[in-house]
Amino acid sequence: MGDVKLEHVSKHYDDVTAVDDMNLEINDGEFICLVGPSGCGKSTTMEMIAGLTIPSEGKVFIGDREVTNLPPKDRGVAMVFQNIALFPHMDVYDNISFGLRLRNYDKEEIDRRVERASEIVQLGGMLERMPDEMSGGQRQRVAIARAIVRNPDVFLMDEPLANLDAKLRVHMRTELQRLHKELDTTIVYVTHDQAEAMTMSDRIAVIDSGQLQQIDPPLVCYNEPANLFVAGFIGSPSMNFLDGEITENGFVSTNIDVEFDPANVGVEVGRDVTMGIRPEDVYLVQNERQVANPTHRIEATTDVLEPMGDEIFVYLKLAEEAHADLEEASVAANDQLLMSVSPDSDIEEDRDVEVVLDRTRVHLFDTETGIALSHGIESTIQASGPADAEAESDD
Amino acid sequence: MGDVKLEHVSKHYDDVTAVDDMNLEINDGEFICLVGPSGCGKSTTMEMIAGLTIPSEGKVFIGDREVTNLPPKDRGVAMVFQNIALFPHMDVYDNISFGLRLRNYDKEEIDRRVERASEIVQLGGMLERMPDEMSGGQRQRVAIARAIVRNPDVFLMDEPLANLDAKLRVHMRTELQRLHKELDTTIVYVTHDQAEAMTMSDRIAVIDSGQLQQIDPPLVCYNEPANLFVAGFIGSPSMNFLDGEITENGFVSTNIDVEFDPANVGVEVGRDVTMGIRPEDVYLVQNERQVANPTHRIEATTDVLEPMGDEIFVYLKLAEEAHADLEEASVAANDQLLMSVSPDSDIEEDRDVEVVLDRTRVHLFDTETGIALSHGIESTIQASGPADAEAESDD
Amino acid sequence: MSSETSGVGVGADDAEMKRGPLGRWVDKAIKNPDRVYRAMFYVATVFFLVTTLFPFYWLLVLALTPNRLITNMGLLPKGFQPEVFITMFERVPFHLFMFNSFVLGISTTVIVLLIASLAGYVFGRLRFPGKSILMLGILAISYFPPAAFLIPLFELFTGNTALSIGAVTISSPDLFNTPAPMVLPFSALFLPLSIFILTTFYGQIPDGLEDAARVEGTTRLGALFRVIVPLSAPGVATAGVLTFIAVYNEFFFSFLMNNGEASSWAPIVAGILKYQGQFDTPFNLMAAASIVGVLPVAVLVIIAQERIVSGLTAGALKE
Amino acid sequence: METLSETQFAYLLLAPALILLGVIAVYPLVQTFSMSLFADQLTGSARLGEFVGLQNYIDLFTGARDFALPSAFLPTFTTQFPFVTDIYSSALMVTLIFTLFSVLFETLIGFGQALILDQDFRGRRWVRVAIIIPWAVPIVIQGMIFFLMFQPNIGFLIGTSDNPALLNQLGLIGTTPLRDTADALFLIIVADVWKTSAFMALLILAGMQSIDRSLYDVAKVAGASRWQQFKLITFPLILPTVLVAMLFRTIDAMRVYGIIETMAGCQTVPSLSCLVVTTFNAPLYGTSATVAFVTAGIIAVVVSVYIVNFASEGI
Amino acid sequence: ISTGGGDDNGGGNGGGGGNGDDDTPINTEEPTEEITVKWAADTRVADNEDAIFEALRNAGLPDNITVEIVAGSQVTDNRQAQYQQWLSGGRQEPTLLMMDSGWTIPFIARNQLQNLSKSLPSEMTSAIEDEYFAASVSTAKGTDGDLYGQPLFPDFPTMQYRKDLLRNAGYTDDDFDTWATESMSWEEFSKVTKEAMEANSDVQYGYTFQANVYEGLSCCDFNEFMTSYGGAYFGGRENLFGPVGDRPITVDEEPVLNAIRMVRTLIHGEDDEHALEGITGKIAPEAVLQWTEEPSRKPFTGGDAIMHRNWPYSIVINGAEPTEDNDQTGFGEDLGVMPIPYGVTPDEAMYEGTGGPVAALGGWHLTMNPNATDAKKQAAVQVFKAMQDEQFQLDMFEIIGWIPPRPSLLDSERAQQVPVIGRYLDALKVAGNNAIPRPVTVVWPQQSGKVSQEVNNAMAREKAPEKAMSDLKSQLEQIEQSAA
Ligand SMILES: Nc1ncnc2c1ncn2[C@@H]1O[C@H](COP(=O)(O)OP(=O)(O)OP(=O)(O)O)[C@@H](O)[C@H]1O
Ligand SMILES: Nc1ncnc2c1ncn2[C@@H]1O[C@H](COP(=O)(O)OP(=O)(O)OP(=O)(O)O)[C@@H](O)[C@H]1O
Ligand SMILES: [Mg+2]
Ligand SMILES: [Mg+2]
C-alpha cells in the first residue's frame with residue numbers, strides 16, 4: 001500500500017542537478033527522515049514523491065503502482081509544505097477541511113475531523129482566523145492539521161515543525177508518532193533537527209548534493225556512519241576529525257596517536273585515514289574510569305567553554321606530538337578537539353588538561369574516498385555491532 | 001545609540017491581545033533572545049520595534065529618541081522576517097543589495113558587501129538565482145544576508161535559522177556572534193531553538209501570552225527560572241514537575257518525598273508547592289557518587305527509552321509512596337519522571353531501578369501563582385549563586 | 001491653496017509669529033513629510049474628480065435643459081426639466097434596451113471569463129511548445145478592425161454558410177435577431193484582452209499554493225478555480241468589468257446583427273440612437289438616457305470594486 | 001485528463017478558446033483576406049470583381065487607391081510645405097499621432113488614478129466609482145458630450161472669432177476646431193483620454209492590489225522611502241500588467257473609429273479604421289478588406305515593440 | 001467550410017443570395033390568407049404606428065394583411081449599412097424597406113431591389129412616373145429607366161427668416177409675400193440680411209446654414225449654392241445619375257467657383273481674397289463650417305439668427321406658437337419661409353436645369369426586398385397600392401409631416417389646414433419644383449467625401465477656390481475612372 005520506491009530518479013533544473021540518481025525504498029508504515037544540508041535536494045525528492053515535480057529520469061512507485069506521471073491527487077499522499085502554503089483566502093477551518101471538502105465528506109465528519117486535528121496542533125478556537133492574522137508557528141500548525149485530517153497512504157512532511165518552540169515541538173513529535181502508530185501510514189519527513197530525526201524515525205536517509213549517502217536506523221547512522229559526510233553531518237555538535245596515517249602501531253597524526261594493531265581492524269598500513277571521535281566520547285582523565293577501554297592520555301589546553309545548561313562544550317587545543325615523518329598537507333586544523341562534559345564538571349578556560357578517548361568509539365575513514373573503514377578499534381567490545389544494524393535495516 | 005526600550009507597550013488586534021503591557025529595556029550592543037510559545041507575541045514585539053506595527057498603547061524608544069510613530073526607515077533597524085519575504089522579481093544579488101542601493105552606496109562598496117554577506121551565509125555562486133529557484137534554506141539565507149549587509153543600530157531577526165540544518169546553523173550562529181562583536185550592534189533575536197538562545201544571547205527574554213515572564217542571562221533562566229512557566233519552557237526536554245506540599249520534613253507528594261528543613265529554604269509549612277527537577281539532575285544509584293548531595297533513593301520502573309545518540313532519555317514510572325493525607329487533586333501525572341543518562345549506560349526498558357535527585361538542583365514553585373520559591377534546597381552548595389547571576393544581568 | 005501668496009516671501013529667519021500659514025505649513029511638512037503626501041494626494045484626488053466628473057455634470061446640465069433651449073450653454077442648466085427622465089422612457093422603451101445590454105454583457109462576460117481563465121492558466125502557468133506563437137496569434141486577432149469580420153460572420157449567423165461533409169451539407173442556423181450573433185463575436189473579440197490580463201495575474205500566484213491544492217486532492221482545474229482564480233480576484237474582476245463595459249458600449253456588431261428593435265436584442269446603444277431623428281437630435285433626451293444607462297454600470301463597478309480593490313487582504317500572496 | 005502530458009493538457013484547456021476564435025475570428029479573417037484579393041464591384045449582384053491578386057495592396061501603398069479613401073493612406077511629401085498639411089491628410093500619420101498621445105497620457109493619468117485608488121481614505125468607494133465611470137459611457141454619448149462642448153454657439157469652451165473663449169485665446173484650438181484636422185485630433189485625444197484613462201487605472205490598480213504587502217514591510221525596514229517603494233517594488237511588479245494594458249490600449253487606439261465618427265467625422269480626422277469603415281460602407285469590399293489587413297499589419301509592427309518588451313520581461 | 005449562397009468569397013455573385021428573381025411579375029391579387037409583412041421604417045413611423053395603420057386601412061389595405069413596423073435607426077448612414085448587410089446577405093425579411101432617396105440608386109445598381117416596373121401592374125408604375133415629383137422619381141430609377149422604388153415623401157430645404165427682425169430693417173409683409181414664391185438673388189439676400197443685422201444689433205448671427213465636412217454639404221448645401229450659380233458637379237442634370245466615367249467633371253468651372261467665392265464672402269467678408277463681387281459680406285458666422293443641421297438650427301430657434309436654411313422639420317419647430325409647453329420657443333407667424341436664393345437665373349445658367357432657386361432633394365422611398373417569399377411580395381403589393389392613395393398621403397402629412405409626393409396635393413385644402421407647415425406650402429412647392437437631386441451613383445459615397453472636404457477647405461480659406469476645385473476635379477476623375 002504505502003511503500004514508496006524511487007528508482008534511479010534524477011531531477012535537473014537548467015543548470016542545477018537537484019537530485020542525482022536516487023534509489024530509495026521505503027516500506028509500508030515506515031517513518032523515514034530525510035536529512036541533509038540546505039539545498040541538497042530533500043524538498044525536491046518530496047515533490048517528486050507527491051507528483052508536483054516530474055523526475056527528469058527514473059521512476060517513482062507508491063504501493064505497487066508506478067506513479068511517475070500520475071497527478072498528485074491520485075497518489076494518496078498528504079503533504080506539509082516547507083513554505084507552509086496556506087490558502088490566503090480561506091480561514092483556518094476551510095484550510096484544514098479543504099481536502100475533505102474536495103472528497104465530499106459529510107459536514108459532521110468534516111467537523112469532527114477538523115476538530116480533532118485542530119486539537120492535536122493546539123489551534124482550537126482559532127478556526128475562524130484568516131492566515132494573515134496568525135503567527136508563524138500558528139500557520140505552520142494549520143499546515144500540519146491540513147495534512148493530518150486526511151487518511152493518506154503516505155504523509156510527506158517538509159520541516160513541519162521548523163517554526164515551533166521546543167515544547168510544542170516535543171508535543172507535536174509525540175502526536176505525530178502516535179498518529180503514525182494509529183494510522184500505520186508511511187511517513188517521509190524532512191527535518192534539520194537532529195533530535196527529531198533521532199527520536200521519530202525508523203530510518204534516516206542522509207542526502208548530500210542530491211545523492212543518497214546512507215539510509216539506516218538512527219543509531220546506526222550515529223554510531224556507524226557510512227562515510228565522512230554522514231559522520232560529520234549527524235550529531236550535534238559535529239564529530240571531531242583528525243587527519244593522519246596508519247602505521248604498524250596504529251593511527252598517527254601530528255597531534256594524536258592511537259595505538260592498535262592495524263591487522264585487527266582490517267586497515268592496511270600506510271593508508272591516509274581520518275580519525276573521527278564525537279565530543280561526548282572524549283573524557284577528562286578524572287572521568288577515565290567511566291570508559292572501559294580508553295586510549296592513552298592526550299595533553300591539551302582548554303580554550304572556549306560553551307555552557308548549554310545540560311552540558312558544557314569545551315574546545316580543546318591539542319599539544320603537538322613529534323612526528324616529523326608526517327607530511328605537511330594533512331596537518332591542517334588537526335589541533336582542535338571538541339569535548340562535552342557535564343555542567344557540574346570542575347573545568348575552566350585556559351587550563352591544561354589531559355583527556356582520553358573511548359577506543360570503542362573511534363571511527364576511521366579513508367581520507368580520500370571518505371568511506372568508513374572501521375567503527376571502534378577494539379572490535380571485540382563494540383556497543384552495537386554492525387551485524388545487528390544490518391539486520392535491522394533489512395526489515 | 002542602539003538601546004531599545006519598550007514602555008508599557010501593548011498591541012491589540014480585534015479580539016486578540018498580542019502583546020500586553022510589555023516593558024523591555026535592551027542595552028546598546030546587547031544580544032537579546034526573545035523566546036516563548038508559538039503565538040506569544042514575539043513577532044509582534046519585533047514589528048513594533050521595527051515600526052511596522054504601531055502599538056495600541058505605550059511607547060517605543062531607540063537610542064534616546066522616542067520612535068513610537070516614526071516610520072521604519074528612520075529607525076535604523078534591519079530585520080530578518082519570519083516569513084522570509086524575498087522580492088520575487090529580484091535575483092539574489094538584488095535582494096541582498098536592496099538596502100544598500102537605497103542608500104546609494106557606490107557599486108564597488110555594494111559588491112564588496114554583498115560578496116561578504118553571501119559568503120557568510122554560504123550562497124557564493126548563487127547571486128544570479130531568482131528566489132523561486134532556490135530551496136527553503138537557501139531563501140532564508142538570502143533573507144539573512146539582506147539584513148547583515150547593512151550597518152544598522154539594531155538588528156531584528158525573527159527565527160532566521162529555522163530552515164537550516166544543524167551544521168549550517170552552528171556555522172551561522174558563530175558568524176552572527178562574530179558579526180555582533182565586530183559591529184557592536186544591538187541584536188534582538190527570536191528563536192525557538194534552545195541551543196541558539198543559550199549560546200548566543202546575553203540575556204533571554206521569555207514571553208508568554210504577550211507578557212514578559214523573565215529577562216535574564218541564559219544560565220540564570222536555566223538554573224533559576226522565575227516561575228513555573230519559564231522553568232517548563234527553558235530546557236529540552238522539559239523539567240519534571242511534581243505537585244506536593246511542604247511539611248515539616250520537607251517536600252511530600254504521592255510519589256516522591258524530599259527531606260529538608262523548610263525554614264532553611266524559607267518556605268512555610270503547609271503550602272502547596274510544585275517541585276521541579278531537570279532530567280539531567282536525576283541519577284541512577286550507580287552514578288550516585290557523581291552527585292555531591294543526593295536525595296534519598298527513589299524506586300521506579302523504566303518505561304520508554306529514547307536514545308538520542310549522545311544521551312538516552314529514560315521515562316520512569318514512580319512507585320507510589322504512602323501518603324493518604326494528600327488530596328486527590330494534586331496526584332495527577334505525578335508518577336512520571338524523565339531522566340537522561342549517557343548512551344553507554346547499562347539500562348533497558350521495563351526494569352526496576354533506583355534513582356536519586358541532585359538536591360542542589362531541586363526547584364520549588366508556588367503551585368498557585370507559579371512563582372519560584374527556591375532553587376536548590378541545600379542553599380550552601382549551589383553551583384552558581386543567584387548573586388552572581390544578578391550581577392551579570394545588571395551590566 | 002489660497003494662502004500660497006501670503007506665505008511666500010516671508011523670510012525664513014523671521015520669528016514663528018510672523019510666518020504666514022504656508023510658512024508654518026511648510027515647516028510642519030518638513031518635519032513630517034507625510035503631510036506633503038497627504039496634501040499632494042488631496043490635490044490630485046480633487047483634480048481627477050473634477051476632470052472625470054465634469055463631463056457628467058455637463059451631461060446632467062444638458063439633460064435638465066429643454067432641448068429647444070440647448071444653445072449658448074453655460075455651466076448651469078437653462079431651465080429645469082426633470083421630467084426628461086420620464087419622457088425618455090415614453091419615447092423609447094429604454095429599459096428594454098438596458099435589459100438586453102445586461103443580458104448580452106453578462107453572458108459574454110461569463111463566456112469570456114471561463115474561456116480566458118482556462119487559457120490564462122495555460123499561458124500563465126504551463127510550459128509547452130508553441131506557447132509564444134499561440135499567444136501572438138490570439139493577440140493578432142485584436143489587430144483587425146471589427147469591419148474585417150463582418151461579412152463572413154453575417155453570412156454565418158444568417159444561415160448562409162454551409163458546411164459540406166461529403167454529400168451532407170449542413171447550413172448554419174439563422175440566428176439574426178437573437179443574442180447569439182452578438183454574444184459570439186463579442187466573446188471572440190474581447191477574449192484576447194481577458195486572456196492577457198488573466199495570464200499575467202495567474203502567472204504571479206506562487207506555485208506553492210497550487211501545489212498545496214493539488215496534493216490536497218484537486219485536479220489542476222480544481223486548483224485553478226478554487227485557489228488561483230480566487231487569489232487573482234482583482235484581475236478577474238477587472239477583466240470582467242472591462243469585458244462587460246466593452247459589450248455594453250459596443251456598437252458595430254450590436255448594430256448590424258439585429259434590426260435595432262428592443263425585441264430583437266438590440267442593446268443600449270441602439271436605444272440611445274433611437275432618440276435621434278434624421279435631422280433633429282434631442283440632446284436632452286440622449287443625455288438623460290446616457291445618465292440612466294450609465295447608472296447600472298456604476299452599480300456594477302461598486303459591486304465589483306470590492307473584488308478589484310480589496311479582493312486580497314494584506315500579505316495574501318505570501319509563500 | 002490529469003495523466004496527459006503538460007503539452008497535451010495545455011492544448012486541451014486552450015481548445016475552447018481556439019475553437020471560438022477559430023470559428024468566430026480566424027475563419028472570417030480568412031474569408032476577408034480572400035476578399036482583399038479581388039477588385040471592388042459596385043454594380044451587379046456580385047459582391048466582388050475579378051481576381052486581382054495583390055494589386056489592391058500594391059495600389060494602397062503606391063497611393064493609387066487614395067482616391068477611393070476619405071484621405072491618403074501614406075503621407076505624401078510632394079507639396080511645398082509637406083509637414084504642415086500632409087501629415088494630417090494621411091490616415092497612417094493621424095492614427096499614429098492619436099495612438100502615441102492618447103496612450104501616453106492615458107497611461108500617465110491612469111497610473112495617477114490607480115495610485116489614488118490604492119489608498120485607504122474615507123469615501124474612496126465613491127472616488128473609485130467617479131474615476132472609473134467615464135469608461136462606462138457609450139461612445140455615442142462620449143462623442144455627444146465633447147461634440148457639444150466644442151460646438152460654436154452651444155458649448156462654452158469655444159467662442160467666435162470676435163468673442164474668443166479661453167481655449168481660443170490660448171491658441172490651443174480655433175473657433176471651429178472640429179472641422180480642422182489638427183484641432184479635432186487634439187480634442188479627440190482629450191475625449192479619449194477622459195474616457196479611457198479609467199481602463200488603465202482599473203488594470204493598474206488590480207496589479208497593485210495583487211502585490212504581497214509584506215514586501216513593503218521588508219522595503220520599509222530596509223529604508224525605502226515611498227518613492228523608492230514605488231520604484232523598486234510596485235513598479236516592477238505591476239509592469240507586466242501595465243504592459244498588457246498599454247498593449248491593448250495601443251491596439252485599440254490604432255483602431256480608433258467611434259469617437260472620430262461621432263465628434264468630427266472620418267473626413268476631417270481620417271484614421272485607419274475610418275478608411276476601413278468608409279470603404280466598407282461605400283461598399284468597396286475589396287479595398288476595405290485590404291485596408292483592414294494592412295491596418296492589422298501596421299498594428300502588428302507597432303505592437304512588436306511591446307512584444308520585445310514582454311519577451312525581456314519574461315512573461 | 002464553404003459559404004453558401006454562391007461562392008461569394010471567390011469573387012462571384014455572392015451578393016444576391018436567396019432567390020433574387022427581382023423582375024418577374026408578382027401576383028397582384030389580394031392574398032386570401034392572413035399575412036404579416038415587415039416594413040423597415042424609422043422610429044417616427046413606429047411611434048405613430050396605430051394612426052398610420054388606420055390610414056392604410058382607409059386607403060384600402062385588405063384586412064388580412066398586417067404591416068409590422070421595424071423601427072430602424074433614424075440615422076440614415078446606419079440604416080444604409082444595415083440594409084446593405086440584410087440585402088447582400090439574402091435575407092427574406094423585411095419585405096418592405098424605407099430607403100433614403102440619397103442612396104437608393106446604389107442598391108438598384110447592385111440588383112438588390114425588386115424591379116417595380118417589371119413586377120407591378122403598369123398602372124401603378126405610371127401613376128408614379130406621371131404624378132409624383134419628378135426629381136424624387138428620378139432617384140428611384142435604375143440606369144435602365146425602370147422603377148425600383150415608390151417615393152414616400154420628398155424633402156426640400158427652404159430659407160427661414162424672422163419677419164419681426166426684418167420689419168425692424170424696414171421690410172414689410174408685402175415683401176414677405178413676394179419672397180414666399182419669388183426667391184431673391186444671393187446679392188439681395190446678403191444685403192437684406194446685413195441690413196437686418198444692423199437693425200437688430202442684439203442678434204448675433206445673420207445667416208446660418210450647414211457647411212461641416214459631411215454628406216449634407218456635398219449633397220445639399222453646396223449643391224444648392226453651386227446649382228443656383230448654374231454650376232454642376234458633372235455637367236448638368238442629365239448626367240446626375242451617370243454614366244459614371246463617361247461624363248464631364250465640371251467642378252472647376254466658374255459657376256462652381258463663384259458659389260464658393262460667394263460663401264467665402266458671406267463668412268469672411270468682402271475683403272476676402274476670393275470674395276465675390278456684389279455680395280455683402282460677413283453675414284454668416286465661421287461656425288457654419290462646423291455646423292450640421294441641429295447645431296445650425298439652435299441659434300436660429302434661440303433667436304440669435306435672422307436667416308436659416310434648413311429642412312421642413314425645422315419649420316415645424318420654428319413656426320410653432322410660443323407656448324409654455326415648448327418653453328416659449330417658436331416664432332409663430334413671425335417665421336417666414338422662402339425658397340433658397342439664386343445665383344443666376346435659369347437662362348443665365350451654364351447647364352440645363354440649373355440656376356434659379358434650387359433646393360436639394362431629400363426624401364424617402366418605399367422599396368421591396370427581392371428575396372422575400374412570393375406570398376409576402378403579393379401582400380406587399382397591396383401596401384404599395386395603399387400608399388399611392390392620395391388620402392393616405394395627406395393623412396401622412398398630417399400624422400408625421402411627410403410632404404405628399406404628388407405636387408398636386410400641396411395645393412389641396414387639406415394640406416393647407418395642416419398646422420404650421422400648412423402656412424408655408426407655397427414656398428415648399430417652389431422648392432419642390434426646383435429640387436435638385438444629388439448626383440447619386442455607385443461612386444457617390446466616395447465622391448461625396450471628397451467634395452465636402454475640398455469645399456469646406458475652400459470655404460475655410462485653407463485653399464484657394466481654384467486650387468481646391470482642381471484638386472477635387474482630379475480626385476473625382478480618378479473615382480469616375482475606377483468605376484467605368
Ligand atoms: N493581524 C492579526 N490579526 C489578529 N491576530 C493577530 C494578527 N497578527 C497576529 N495575531 C495574533 O497575535 C498573537 C501574537 O502573534 P505573533 O506573530 O507575535 O506570535 P509569535 O510569538 O511570533 O509566534 P510564532 O512563534 O508562532 O511566530 C498570535 O496569537 C496571533 O494569532
Ligand atoms: N526551480 C528551480 N530552478 C533551479 N534550481 C532549483 C529550483 N528548485 C530548486 N533548485 C535547486 O535544487 C537544489 C535542491 O533544492 P531543494 O529544494 O530540494 O533543497 P532542500 O534539500 O529542500 O533544501 P532546504 O533544506 O534548504 O529546503 C537546490 O540547490 C536549489 O537551489
Ligand atoms: Mg527544502
Ligand atoms: Mg512569529
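Computed from heavy atoms alone, side chains included, the values below leave out hydrogens, waters and symmetry copies. First the proteins, then the strands, lettered A, B, ... as listed; each starts at 1.
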Completion exercise
Okay, D:M149 and chain C: the region with an atom under 4.5 Å from a heavy atom over there is both

Completion exercise
Honestly, the part of C:L59 sitting under 4.5 Å from a heavy atom of chain D is side chain

Fill in the blank from the handout: Residues D:P16 and C:L118: closest non-hydrogen pair is CG-CD1, 4.0 Å

Practice task
Counting only heavy atoms closer than 4.5 Å, note whether C:Y42 contacts chain D via side chain, backbone, both or neither.
Solution key: neither

Handout entry: Region of C:L136 that comes under 4.5 Å of a non-hydrogen atom in chain D
Key = side chain

Problem - Test item: D:T32 side-chain N/O and C:A148 main-chain N/O as donor-acceptor pair under 3.5 Å - result: yes

Handout entry: C:L242 side chain reached by D:W135 side chain, heavy atoms, under 4.5 Å
Key = yes

Practice task
Please assess D:I251 against C:L193 for the test side-chain contact (heavy atoms from CB on, under 4.5 Å), listing each intermediate value before the final yes or no.
Solution key: CA-CA 10 Å; D:I251 293 173; C:L193 171 67; over 6 Å; no

Handout entry: Region of D:F33 that comes under 4.5 Å of a non-hydrogen atom in chain C
Key = neither

Exercise for the section: Start with the C-alpha distance between D:Q142 and C:N249, add both sets of side-chain angles, then the distance that settles side-chain contact (heavy atoms from CB on, under 4.5 Å), and finish with yes or no. Expected result: CA-CA 11 Å; D:Q142 176 202 14; C:N249 291 343; over 6 Å; no

Practice task
Dump the intermediate steps for side-chain contact (heavy atoms from CB on, under 4.5 Å) on D:F248 and C:I197, then the final yes or no.
Solution key: CA-CA 10 Å; D:F248 278 87; C:I197 293 176; over 6 Å; no

Practice task
Not counting sequence neighbours, list each pair that qualifies as a salt bridge (charged side-chain N to carboxylate O under 4.0 Å, His left out) and has a residue in residues 239-254 of chain D.
Solution key: D:E106-D:R249, D:D192-D:R249, D:R249-D:D252, D:D252-D:R255

Exercise for the section: Can you tell which part of C:L114 gets under 4.5 Å to a heavy atom of chain D, answering side chain, backbone, both or neither? Expected result: neither

Practice task
Kindly determine whether D:F293 and C:Y143 satisfy side-chain contact (heavy atoms from CB on, under 4.5 Å), including the steps that lead there.
Solution key: CA-CA 9 Å; D:F293 269 81; C:Y143 298 170; over 6 Å; no

Handout entry: Toward chain D, the part of C:L49 with a non-hydrogen atom under 4.5 Å
Key = side chain

Completion exercise
Per-residue tally against chain D (heavy atom, under 4.5 Å) across C:A116, C:P129, C:S187, C:A140 peaks at C:P129

Completion exercise
Residues at least two apart in sequence or cross-chain that pass side-chain contact (heavy atoms from CB on, under 4.5 Å) with C:F154, listed by chain then number, are C:T158, C:F176, C:M257, E:Q85, E:W86, E:R91

Problem - 4.5 Å side-chain heavy-atom contact, D:L247 and C:L139 - result: yes

Practice task
Below 4.5 Å from any heavy atom of chain C, which atoms of D:M144 appear? Answer side chain, backbone, both or neither.
Solution key: side chain

Practice task
With a 4.5 angstrom heavy-atom cut-off, could you sort out which part of D:A300 is near chain C: side chain, backbone, both or neither?
Solution key: both

Handout entry: Salt bridge D:E6-C:R125, side-chain N to carboxylate O under 4.0 Å
Key = no

Exercise for the section: Tell me, for D:L237 versus chain C, whether the close heavy atoms (under 4.5 Å) come from the side chain, the backbone, both or neither. Expected result: backbone

Exercise for the section: Spell out, as yes or no, whether a donor-acceptor pair under 3.5 Å connects the side chain of D:W194 to the backbone of C:T52. Expected result: yes

Handout entry: Close side-chain approach of D:P138 to C:I272, heavy-atom, < 4.5 Å
Key = yes

